[in-house]
Amino acid sequence: MSDSEHYQKLKLELRRGVLILAVLAELREEHYGYSLRKNLSAKGMEIDEGTLYPLVRRLEKQGLLVSEWREESNRKKRFYHLSEMGKATLKQLTEDWRHVESTLDAILS
Amino acid sequence: MQMINNYLNGLESYLPDEMKQEVRDELEESLLCQVEDKQGVLGRELNVEEVEALLKQLGHPMRVASAYLPKQQLIGPELFPAYKKALEIALVAAFFFVVLFSLPGIFSGDSIVGSAIGIFAKMIDTGLYVFAIVSIVFYLMDYYDANLDEIYAWSPKDLNAYSSRLGLSRLEAGFELVFYILFIAWWNNILSWPALTSFGSETATLSLSAEWTSVFWSINIIAGLSVAVRIHKFVLASWSRFSLTTDIVLSLATLVVISQIFQFSEYINYIGPAAEATNWAPVVEHIDKVIYSIMTIVAGVCLWEIVSHSRKITYK
């Protein structure tokens with residue numbers, strides 16, 4: 001495996017946990033799949049559909065998100081937003097993230 | 001849009017029934033949104049290549065579908081070490097019984113090589129069954145979220161004293177085991193002397209000398225005990241104080257037997273017409289030298305094992 005492949009693999013691992021936090025944070029406001037992806041992308045968090053849709057489905061199954069199918073512009077769309085449990089989890093994860101961030105800053109500096 | 005429809009049909013085929021419609025609807029909606037966005041930017045309808053690129057970016061339908069499925073591995077990483085250990089123990093036990101139940105066949109069979117191939121084939125056959133059964137059991141344990149605390153129940157007090165210097169490969173132990181079993185089979189067949197038969201068109205026969213009978217049972221006992229030690233080594237994949245000590249004793253016994261063999265006046269007898277005895281003399285002499293050399297090498301190996309095992313016992 002080349003250095004670049006190693007890097008890509010590590011980068012993916014690093015991103016995996018962060019993605020959940022980003023998705024939860026973005027779903028403080030209601031979104032359907034494509035609008036969620038576009039919003040994340042606009043903020044610099046690129047994520048392909050093959051990863052995003054299964055992820056939101058898993059988070060919904062875990063009770064962190066709720067969804068409902070609604071019609072918009074004559075098309076059926078599935079809208080997601082945070083559940084109460086999702087809100088509490090996001091709050092805890094955000095605190096953890098801040099802690100990790102400051103710890104890593106101290107280690108990396 | 002036919003291409004998108006084909007893609008979604010393909011994706012559906014890899015999903016369980018309860019997911020098909022929802023996943024299809026959601027991805028279809030997302031793809032249509034993307035198509036609309038791109039058409040808005042380009043000011044025209046997307047051509048076939050552009051739709052193809054869009055779908056390729058999403059990924060193979062099978063890969064996309066797999067991301068929705070909960071279990072993506074036969075046995076998960078948490079259960080895998082226990083699975084590996086269970087498989088190891090089950091295979092060792094299965095191979096042990098295959099060899100044990102095949103022993104009578106080896107001794108009564110006409111060909112040692114044929115018997116060995118038969119045992120090997122039986123080991124592969126049994127091994128595949130064992131592999132399948134253990135894998136299915138662990139797959140079900142993983143699927144039904146078996147309690148890992150019970151599987152990995154342990155106490156530091158119960159851990160065996162283990163040194164990497166005492167570890168050994170099962171392949172090596174297995175090879176030694178097969179070697180000793182074949183040797184015993186060969187040695188006991190050779191009882192029906194003369195064993196070394198005629199060469200080419202010559203009718204004369206070369207036989208082991210009668211002096212070998214004096215060491216027949218001692219060699220059988222040493223080889224039999226060596227098989228027991230090899231089975232012990234094979235099961236544990238490690239040396240123990242018991243197996244090291246037994247092996248040292250067996251090596252010493254082997255040295256005693258070899259010293260007895262060195263005192264034989266002849267190793268090989270010529271049986272045939274007296275007129276041709278002189279023609280066979282160089283062959284007999286050559287075989288005598290070969291046997292003497294083999295005995296010297298075996299004695300060297302025994303000495304080396306005694307020293308090496310003693311050091312291992314001291315180390316432990």
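Letters A, B, ... are given to chains in the order of the sequence lines, protein chains preceding strands, and every chain is numbered from 1.
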Asker: Which bit of B:L69 is near chain A, if near means a heavy-atom gap under 4.5 Å: side chain, backbone, both or neither?
Answerer: neither
Asker: Of the non-hydrogen atoms in B:K20 and B:E12, which two are nearest, and what is the gap between them?
Answerer: CE-O, 3.0 Å
Asker: Quick check against the 3.5 Å criterion: does B:Y152 have a side-chain atom that pairs as donor or acceptor with the backbone of B:E78?
Answerer: yes
Asker: Regarding A:E84 and A:K87, does a basic nitrogen lie under 4.0 Å from an acidic carboxylate oxygen?
Answerer: yes
Asker: Side chain from CB out, backbone as N, CA, C, O: work out which of these in B:E28 comes under 4.5 Å of a heavy atom of chain A, or both, or neither.
Answerer: neither
Asker: May I ask you to decide whether B:E29 forms a salt bridge with A:R78, counting only side-chain N to carboxylate O separations under 4.0 Å?
Answerer: no
Asker: Are the side chains of A:V23 and A:Y80 in contact, using a 4.5 Å heavy-atom criterion?
Answerer: no
Asker: Could you name the residues of residues 120-145 of chain B that have a heavy atom within less than 4.5 Å of a heavy atom in chain A?
Answerer: none
Asker: Indicate the atoms forming the closest heavy-atom contact of B:Y68 with B:M19, along with that distance.
Answerer: O-CE, 3.3 Å
Asker: Quick check on the structure: residues of residues 27-43 of chain A within a heavy-atom distance below 4.5 Å of chain B, by number.
Answerer: A:Y32, A:Y34, A:R37, A:K38
Asker: Between A:R57 and A:E60, is there a side-chain N and carboxylate O pair less than 4.0 Å apart?
Answerer: no
Asker: Atom CG in B:L177, atom NZ in B:K233: separation rounded to 0.5 Å?
Answerer: 10.0 Å
Asker: Under 3.5 Å, is there a donor-acceptor pair between the side chain of B:E26 and the main chain of B:V23?
Answerer: no
Asker: Would you tell me whether A:Q92 and A:D96 have side-chain atoms, one donor and one acceptor, within less than 3.5 Å of each other?
Answerer: no
